[in-house]
Participant: 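Have a look at the structure that comes next, please.
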Amino acid sequence: MPPSDSASVAASHPSWGEAMAACGPFGEVVEEAGSTFLLGSCRDAPPTVIVRDCVTTMTAARGLAGSGVLGPWGSVAAVEQGGGRGQLRRPWVSTPGNLHVSVVLPGPPASGPWREALADLRPLLLGYVFSEVLLELGAYAQLKWPNDLLLEGRKVGGILIEEARNVVVLGMGLNLVASPPDDMMREDRSVPAGILQIPDHRLTALGLWRTLVTRGKSVYEYLLDDWTPARFLVRVANRLAWLGQTVLVREGGEGKYTAVVKGLSSNGGLVMSRGERDTVLYSGSIFPLRTPRF
């Protein structure tokens with residue numbers, strides 16, 4: 001792996017050169033799983049650790065949280081990662097200049113309606129939080145249940161949340177400078193990939209993440225303090241891709257079928273109308289009905 005020093009990170013991509021100049025100085029932190037991490041001192045933002053290359057930022061964030069380097073909302077951003085993954089552990093291509101980051105999430109509140117609900121609703125909650133910040137920046141991102149971000153019908157990013165050893169980590173990838181061309185994607189992909197366009201903004205990967213995590217923390221805390229889970233579910237449903245439309249559903253045990261997206265259940269499942277009855281989808285994939293996929 002390339003060394004993780006300020007010079008090598010800055011030389012990896014023009015946007016990282018800008019970011020390192022704007023957010024420095026960076027100091028060496030620790031060696032974790034064979035990688036050297038640099039701690040940034042961006043003003044008014046939670047601590048962000050930078051690495052030139054790692055296996056996954058999620059593994060790195062979990063390790064650094066376990067060693068006490070990172071607390072809640074502390075994060076790891078990588079120029080490249082070798083083992084990035086998305087839903088169903090599919091590989092996620094990590095191109096320099098795109099955003100590859102993981103953040104340590106706080107635990108549930110000690111009391112209140114979110115204490116029990118958070119575990120089920122956390123993926124939807126964080127997807128909504130970051131889509132709200134993108135909306136503030138001028139990009140209207142829809143949520144493709146359960147964990148993708150769509151812009152004008154194309155997937156521009158995704159999130160993945162994992163919990164291990166009492167540490168909850170959210171991994172995020174956003175396409176900022178490159179995305180896989182249509183003819184290079186899996187035939188069974190639900191939507192094509194795209195690049196996140198933010199009008200009138202020239203943000204580096206690190207600069208965008210600083211905005212996302214700083215504003216996202218505020219939005220997250222506001223929702224848990226002032227909104228009930230039921231109120232949140234009504235609001236986030238309106239940001240779902242294909243709400244009210246017929247989609248193709250691919251579910252492991254039942255194969256493929258068509259259904260109408262109706263909304264969300266109390267525990268975050270996708271409510272689907274199938275003829276005379278409603279069902280709730282908890283795992284599987286949905287596809288827009290642009291072309292037959294049977």
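Just so we're clear, the structure is a prediction, and the values are computed from it rather than from any experiment.
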Participant: What closest approach, in Å, do Pro96 and Val177 show between heavy atoms, and which atom pair accounts for it?
Facilitator: O-CG2, 3.6 Å

Participant: List the steps and the verdict of side-chain contact (heavy atoms from CB on, under 4.5 Å) for Leu240 and Gln142.
Facilitator: CA-CA 6 Å; Leu240 289 176; Gln142 289 185 296; over 6 Å; no

Participant: Heavy atoms, side chains only, cut-off 4.5 Å: are Val104 and Ser75 in contact?
Facilitator: no

Participant: Is Arg62 salt-bridged to Glu162, going by a charged N under 4.0 Å from an acidic O?
Facilitator: yes

Participant: Is there a path of hydrophobic side-chain contacts, each under 4.5 Å between heavy atoms, that joins Ile195 and Val156?
Facilitator: no

Participant: Rounded to the nearest 0.5 Å, what separation is found between the CG atom of Leu126 and the CD1 atom of Ile161?
Facilitator: 4.5 Å

Participant: Which residues satisfy the side chain to side chain donor-acceptor pair (under 3.5 Å) test with Tyr222, sequence neighbours excluded?
Facilitator: Trp227

Participant: Report the relative orientation of the aromatic rings in Tyr220 and Trp73; use parallel for angles under 30°, tilted for 30 to 60°, perpendicular for over 60°.
Facilitator: perpendicular

Participant: Would Glu251 and Tyr257 count as a side chain to side chain donor-acceptor pair (under 3.5 Å) if you check the C-alpha gap in whole Å, the side-chain angles of each, and the deciding distance to 0.1 Å?
Facilitator: CA-CA 8 Å; Glu251 192 175 4; Tyr257 58 89; 2.8 Å; yes

Participant: When you look at Met58 and Leu160, which way does the side-chain contact (heavy atoms from CB on, under 4.5 Å) test go after all the steps?
Facilitator: CA-CA 9 Å; Met58 295 190 80; Leu160 183 66; 4.0 Å; yes

Participant: Would you name the heavy atoms of Ser15 and Gly97 that are closest together and state the gap between them?
Facilitator: OG-CA, 4.0 Å

Participant: How long is the span from the CG atom in Leu212 to the CG atom in Leu134, to the nearest 0.5 Å?
Facilitator: 5.5 Å

Participant: Counting distance only, does the side-chain N/O of Thr59 pair as donor-acceptor with the main-chain N or O of Val55 below 3.5 Å?
Facilitator: no

Participant: Is any side-chain heavy atom of Leu206 less than 4.5 Å from a side-chain heavy atom of Ile50?
Facilitator: yes

Participant: Not counting sequence neighbours, list each pair that qualifies as a salt bridge (Lys or Arg N to Asp or Glu O under 4.0 Å) and has a residue in residues 258-272.
Facilitator: Lys262-Asp278

Participant: Are Val213 and Pro46 side-chain neighbours, meaning at least one heavy-atom pair lies under 4.5 Å?
Facilitator: yes

Participant: Could you go step by step and tell me if Trp242 and Trp145 meet the side-chain contact (heavy atoms from CB on, under 4.5 Å) rule?
Facilitator: CA-CA 10 Å; Trp242 314 312; Trp145 185 93; over 6 Å; no

Participant: Any heavy-atom pair between the side chains of Leu281 and Ile286 that's under 4.5 Å?
Facilitator: yes

Participant: Check side-chain contact (heavy atoms from CB on, under 4.5 Å) between Val260 and all other residues, then give those that pass, not counting sequence neighbours.
Facilitator: Thr246, Ser273

Participant: What is the distance from atom CH2 of Trp209 to atom OG1 of Thr48, rounded to the nearest 0.5 Å?
Facilitator: 7.5 Å

Participant: If you define the side chain from C-beta out and look only at heavy atoms, does anything of Val247 sit under 4.5 Å from Thr258?
Facilitator: no

Participant: Side chain of Asn98, backbone of Leu176: donor and acceptor closer than 3.5 Å?
Facilitator: yes

Participant: Between Asn175 and Gly157, is there a donor-acceptor pair closer than 3.5 Å when you use the side chain of the first and the backbone of the second?
Facilitator: no

Participant: Report yes or no: does Arg52 contribute a side-chain atom to a donor-acceptor pair with the main-chain N or O of Val9 at less than 3.5 Å?
Facilitator: no

Participant: Measuring only between side-chain heavy atoms, which start at C-beta, is Val103 closer than 4.5 Å to Leu70?
Facilitator: no

Participant: Evaluate side-chain contact (heavy atoms from CB on, under 4.5 Å) for Met272 paired with Val249, printing each intermediate quantity in order.
Facilitator: CA-CA 9 Å; Met272 313 290 295; Val249 182; 3.5 Å; yes

Participant: Identify the heavy atoms of Ser131 and Ala141 that sit nearest to each other, and give their distance.
Facilitator: CB-O, 3.8 Å

Participant: Quick one: pull up CG in Leu135 and CZ in Phe130 and give me the separation to the nearest 0.5 Å.
Facilitator: 15.0 Å

Participant: Tell me the salt bridge (Lys or Arg N to Asp or Glu O under 4.0 Å) pairs involving residues 223-242, sequence neighbours left out?
Facilitator: Glu132-Arg239

Participant: If you group Ile, Leu, Val, Met, Phe, Trp and Tyr whenever their side-chain heavy atoms sit less than 4.5 Å apart, what else falls in with Tyr282?
Facilitator: Val271, Val280

Participant: Rounded to the nearest 0.5 Å, what separates atom CG in Leu233 from atom OH in Tyr128?
Facilitator: 11.5 Å

Participant: Using the side chain to side chain donor-acceptor pair (under 3.5 Å) criterion, which residues pair with Thr57? Sequence neighbours excluded.
Facilitator: Ser102

Participant: Just to verify, what does Arg215 make a salt bridge (charged side-chain N to carboxylate O under 4.0 Å, His left out) with, not counting sequence neighbours?
Facilitator: Glu136

Participant: Would you say the side chain of Leu150 lies within less than 4.5 Å of the side chain of Leu143, judging by non-hydrogen atoms?
Facilitator: no

Participant: Taking only distance into account, with no hydrogens and no angle test, what donor-acceptor pairs under 3.5 Å do side-chain atoms of residues 163-174 form with protein atoms, sequence neighbours excluded?
Facilitator:
none

Participant: Which pair of non-hydrogen atoms, one from Pro123 and one from Ile159, has the smallest distance, and what is that distance?
Facilitator: O-CD1, 3.5 Å

Participant: Taking side chain to side chain donor-acceptor pair (under 3.5 Å) as the definition, give me every residue that meets it alongside Ser265, ordered by chain and number, with sequence neighbours left out.
Facilitator: Asn267

Participant: Can you measure from CD1 (Ile198) to CG (Leu208) and round to the nearest 0.5 angstrom?
Facilitator: 5.0 Å

Participant: Please name the pair of heavy atoms, one in Gly194 and one in Ser179, separated by the smallest distance, quoted to 0.1 Å.
Facilitator: O-CB, 3.5 Å

Participant: Please confirm whether the backbone N or O of Gln81 pairs with a side-chain atom of His100, one donor and one acceptor, at under 3.5 Å?
Facilitator: no

Participant: Does Ala10 have any side-chain contact (heavy atoms from CB on, under 4.5 Å) partners at least two apart in sequence or in another chain, and if so, which?
Facilitator: Met20

Participant: So, for Leu196 and Ala139, which heavy atoms are closest and what is the spacing to 0.1 Å?
Facilitator: CD1-CB, 4.1 Å

Participant: Please list, chain by chain and in numerical order, all residues satisfying salt bridge (charged side-chain N to carboxylate O under 4.0 Å, His left out) with Glu116, sequence neighbours excluded.
Facilitator: none

Participant: Can you sort out the partners of Asp120 under salt bridge (charged side-chain N to carboxylate O under 4.0 Å, His left out), two or more places apart, ordered by chain and number?
Facilitator: none

Participant: Do Leu124 and Pro146 have side chains that approach each other closer than 4.5 Å (heavy atoms only, starting at C-beta)?
Facilitator: no

Participant: Can a donor-acceptor pair be found, under 3.5 Å and without considering hydrogens, that links the side chain of Thr214 to the backbone of Thr211?
Facilitator: no

Participant: Any luck finding a side-chain donor-acceptor pair between Trp16 and Thr204 under 3.5 Å?
Facilitator: no

